[in-house]
There are 2 protein chains.
Amino acid sequence: MKLSTKGRYGLRALIDLAQYSEKEPVSITSIAARQGLSERYLEQLMSMLKKADLIKSIRGAGGGYVLNKDVKDISVGDVLRALEGSLEPVTCSGLDPEEGCEASKECVTKYVWQRINDSINKTVDEIKLDQLVEESKEIQAKGVSPRSEIHCKN
Amino acid sequence: MKLSTKGRYGLRALIDLAQYSEKEPVSITSIAARQGLSERYLEQLMSMLKKADLIKSIRGAGGGYVLNKDVKDISVGDVLRALEGSLEPVTCSGLDPEEGCEASKECVTKYVWQRINDSINKTVDEIKLDQLVEESKEIQAKGVSPRSEIHCKN
DNA sequence: GATTAATCCTAGTAAAATAATAGGGTATGA
DNA sequence: TCATACCCTATTATTTTACTAGGATTAATC
């Protein structure tokens, strides 16, 4: 039940982007440098966020990315689902009656998976990007490692 | 964010065990046959459930496993944590202030991981084994595939 | 128009985790 | 003594993850 680096790095990257893209587009290079991530890997994550219409890109010199929605209209759930795919704890749980596995009728555990799925989605959809950006600004205002060499692995 | 077969098979196995162990110990062989699981793999899962004190074993001929607690005192959370380890969505999230990663102070996302963790645990701890056993009996009473050849992969 | 700074797209690959399989040992009832 | 069952550890095949790499396209600037 672990998130992959896609979800972890991607959420951090998007918070960073939200924080720095108010005046001009933010390049992958700059996000990667601030967050201590591989540029090439981050590129792929940004591509996924773009496909999910959370960000848009400006190509060419001076280009980069900007948000495609207001920070308050992007939830952590939107971000994680874009990067991780469905957050369902199982793949063939028959949560969707159309796509359920063939043993769905006699499946006792499917309600368990359904409830876990619902609670995860509810939780991540309640948290919006603006809250996290605010928090990030506060932490930086307090002067905690403005140019930290320590990078979180999450 | 997927559960492994450990959690999925193990929960099913424990529901099966709870249902059939009222009169006598239930062997791995019989659970594996009913649930369509590998005996050898299931053996490892049962060992984990035993280490977590959820079940106890009776060795030798006629032996098998029985529950070590009342069905109403075993939660899905107990089972999944025994099999999957912590259900935290990240490993070094600094959720525990003692063990947190070194970038913990400046970590914006840790509250997100904390909230996901809390909601998952709350959900799985609310569901007790007795509910699932009841439901399983009902399904079987309705005559849904009493000796089904179709086995759920979850 | 050339250069440079960017995103874009696909493929490949090393490492880690997962899901089993396998072999042999120990206990116990008939 | 034999068959049935749990016990414990090691090995292995497969899958997934987390990158790395190459090269194409776009656009601003010199």
Side-chain angles (χ1 to χ4, degrees), chain A residues 1-13 17 20-21 24-33 35-52 54-66 68 80 83-86 89-92 151 153-154, chain B residues 1-13 17 20-21 24-33 35-52 54-66 68 80 83-86 89-92 151 153-154:
Chain A
M1 282 289 275
K2 296 282 178 275
L3 287 168
S4 71
T5 54
K6 289 199 188 98
R8 305 192 324 255
Y9 295 176
L11 179 58
R12 278 170 56 204
L17 171 64
Y20 291 99
S21 65
E24 52 189 12
V26 177
S27 70
I28 284 171
T29 308
S30 70
I31 298 175
Q35 300 295 327
L37 302 173
S38 146
E39 291 186 29
R40 241 56 204 294
Y41 191 44
L42 182 56
E43 202 175 292
Q44 293 173 25
L45 309 185
M46 298 307 275
S47 163
M48 300 174 89
L49 294 173
K50 193 193 165 185
K51 270 183 196 152
L54 300 176
I55 59 179
K56 61 187 170 192
S57 63
I58 295 120
R59 297 185 70 168
Y65 292 94
V66 292
N68 197 30
L80 293 183
L83 294 160
E84 300 275 337
S86 161
V90 295
T91 40
C92 82
H151 287 291
K153 285 149 220 103
N154 285 307
Chain B
M1 282 289 277
K2 294 284 178 274
L3 287 168
S4 70
T5 53
K6 289 199 188 98
R8 305 193 323 255
Y9 295 176
L11 179 59
R12 276 170 56 204
L17 171 63
Y20 291 98
S21 65
E24 51 190 11
V26 177
S27 70
I28 284 172
T29 307
S30 70
I31 299 176
Q35 299 295 327
L37 302 172
S38 144
E39 291 187 30
R40 242 53 205 296
Y41 192 43
L42 181 56
E43 202 175 290
Q44 294 172 30
L45 308 185
M46 298 307 275
S47 163
M48 300 174 88
L49 293 173
K50 192 192 166 187
K51 270 183 195 152
L54 299 177
I55 59 178
K56 62 188 172 190
S57 61
I58 294 118
R59 296 184 71 168
Y65 292 94
V66 291
N68 197 30
L80 294 181
L83 295 160
E84 300 274 336
S86 161
V90 297
T91 39
C92 83
H151 287 292
K153 286 149 219 103
N154 284 307

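Residues A/Leu42 and A/Gln35 are not in side-chain contact: their nearest non-hydrogen atoms beyond the backbone lie 4.5 Å or more apart. Within the 4.5 Å cutoff, no side-chain heavy atoms of A/Leu80 are placed close to those of B/Met1.
To the nearest angstrom, P of C/dA17 lies 19 Å from NZ of B/Lys2. Distance OH (B/Tyr9) to C1' (C/dA20): 9 Å, rounded to an integer number of Å. C/dA27 atom P lies 17 Å from atom CD1 of B/Ile28, rounded to whole Å. Counting to the nearest Å, the C1' atom of C/dA20 and the CZ atom of B/Arg8 are 14 Å from each other. The CE atom of A/Met1 sits 17 Å away from the C1' atom of C/dA17 (whole-angstrom rounding).
Of all the heavy atoms in B/Ala32 and B/Glu39, the pair that sits closest is CB-CG, 3.7 Å. Taking both residues in full, the closest heavy atoms of A/Arg8 and A/Leu3 are given as NH1-O, 3.0 Å, listed atom of the first, atom of the second, then distance. In terms of heavy-atom proximity, A/Thr5 sits nearest to A/Leu45 at O-CD1, 4.5 Å. Of all heavy-atom pairs between B/Arg12 and B/Leu37, the closest is NH1-CD2, 4.2 Å. When all heavy atoms of A/Leu83 and A/Leu11 are compared, the pair lying nearest together is CD1-N, 4.1 Å. The heavy-atom pair separating B/Gly62 from B/Pro25 by the smallest distance is O-CG, 3.9 Å.
Annotation: proximity of residues 35-48 of chain A to DNA chain D (heavy atom, distance under 4.0 Å) is found for A/Ser38, A/Arg40, A/Tyr41, A/Gln44, numbered in ascending order.
Residues that satisfy the side-chain hydrogen bond (donor to acceptor under 3.5 Å, both in side chains) test with B/Ser47, not counting sequence neighbours, are absent from this structure. For B/Lys50, the side-chain hydrogen bond (donor to acceptor under 3.5 Å, both in side chains) criterion is met by B/Ser57, not counting sequence neighbours. Among residues two or more places apart in sequence or in another chain, the side chain to side chain contact (heavy atoms under 4.5 Å, CB included) test is passed with A/Ser38 by A/Arg40, A/Tyr41.
Phosphate contact (OP1/OP2 of C/dA20, side-chain N/O of B/Lys6, threshold under 4.0 Å): absent.
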Show the distances under 3.5 angstrom between N or O atoms of the protein and N or O atoms of nucleotides 28-30 of chain C.
unit_1, atom_1, unit_2, atom_2, d
C/dT28, O2, B/Ala61, N, 3.3

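Note that the first and last nucleotides of DNA chain D, 5' to 3', having any atom under 4.0 angstrom from a heavy atom of chain A are D/dA18 to D/dA28.
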